[in-house]
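Below is one structure; the comments refer to it alone.
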Amino acid sequence: MECKEALIRLQEYLDGEISALTRDEVREHFEKCDRCYPHLRLEESFRDAVQRVTKGEAAPPGLRDRLLAAIAEEEEAGG
Amino acid sequence: MRDGVDFHTEALPHLDAVYRFALRLSGSSDGAEDLVQETFLRAYRSWHQYRPGTRCKSWLFTICRNVFLRQAERGRRHDRIVEAESPREGPGPSDANPLWSALDGVDPEGAFFGSLVDESILQAVDALPDEYREAVVLSDLEGLSYEEVAEVLEVPVGTVKSRLYRGRRRLQHALYEYAVEMGYVRRRASDDGV
């Protein structure tokens, strides 16, 4: 696989939306190519950062209680 | 319990995920709480339509987005952006990340994004146009496949790929600009096209 094709397929590769055969070819290219490898690292670090910042976000405890109360009301109303 | 699948067991574990999605859609915790409450009540009322075996989280995201879009102003803004969008734009033959040349020599390990503070990243995500933000949140934050994102957004898979590509590029560009502004990196003379 050449650099051009590897870079085109980088998004699908990182998204896991690629066939096993192509995935292996893309991985092999990035492992061997010094010019392309930094692009892989940059994209990976971007995704890691975006996932990191929202990982701890959770619904406020009060919301769950209000929701359960509202559903209980619906259940009673609906029999 | 309906159709052998319990709403509380199947749907409620996704409360945090739906809240995160609602937060990114609405841009405020108050707005997100209202959106989540309405989403789960509608899901409860429609539980007989839920097909066991389908991904409940995607189903809840679809409801959440529909509730959000029913707000008239948001809906109009949404339509305008969709009309201006090219569904085919995606990675091209010369698609090296332009940020790399901008960071060349400064970030040999690709750790640029890892060094940014969380708040700056969240602000940049929230500043994305709706279409891009939805796709990025569903894919990158919630781990949905292209097909699942396409179902939630009611667009073809090709459009999902395009929105992810453009959304991520915009996000990266915004974060780069933020880093330059804060003095974390220096803008190179050749960065005009970044």
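Convention: sequence-line order gives letters A, B, ...; per-chain numbering from 1.
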From CA spacing to verdict: salt bridge (charged side-chain N to carboxylate O under 4.0 Å, His left out), B/Glu38, A/Arg66: CA-CA 11 Å; B/Glu38 185 63 21; A/Arg66 286 197 297 281; over 6 Å; no
Rounded to the nearest 0.5 Å, how far apart are [atom1] of [X] and [atom2] of [Y]?
| X | Y | atom1 | atom2 | result |
| --- | --- | --- | --- | --- |
| A/Glu12 | B/Leu164 | CD | CG | 10.5 Å |
| B/Phe7 | A/Glu75 | CZ | CD | 9.5 Å |
| B/Leu141 | A/Glu57 | CG | CD | 8.5 Å |
| B/Phe40 | A/Leu63 | CZ | CG | 8.5 Å |

Distance-minimising heavy-atom pair for B/Lys161 and A/Gln11: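 Scanning both residues, the minimum pair turns out to be O-NE2, 3.2 Å.
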Least distance between heavy atoms, A/Arg64 atom then B/Leu12 atom: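 So the two residues come closest at NH1-O, 3.9 Å.
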A/Glu17 side chain vs B/Tyr146 backbone, donor-acceptor pair below 3.5 Å: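 Yes, the answer is positive, given that a donor and an acceptor are paired below the 3.5 Å cut-off.
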Heavy-atom proximity to chain A below 4.5 Å, by part of B/Arg168: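 Backbone plus side chain of B/Arg168, per the 4.5 Å heavy-atom cut-off to chain A.
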Part of B/Ser145 within contact of chain A (heavy atom distance under 4.5 Å):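 It is both, since atoms from each part get that close.
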Portion of A/Leu14 that has a non-hydrogen atom of chain B nearer than 4.5 angstrom: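 Neither part.
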Largest heavy-atom contact set with chain A, pairs under 4.5 Å, which of [options]:
| options | value |
| --- | --- |
| B/Val36, B/Val18, B/Asp16 | B/Asp16 |
| B/Asp140, B/Val136, B/Val125 | B/Asp140 |
| B/Glu147, B/Glu119, B/His8, B/Arg20 | B/Arg20 |

Partner chain B: residue of A/Gly62, A/Cys3, A/Pro60, A/Cys36 with the largest heavy-atom pair count (under 4.5 Å):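 Sorted descending by pairs with chain B, the first entry is A/Pro60.
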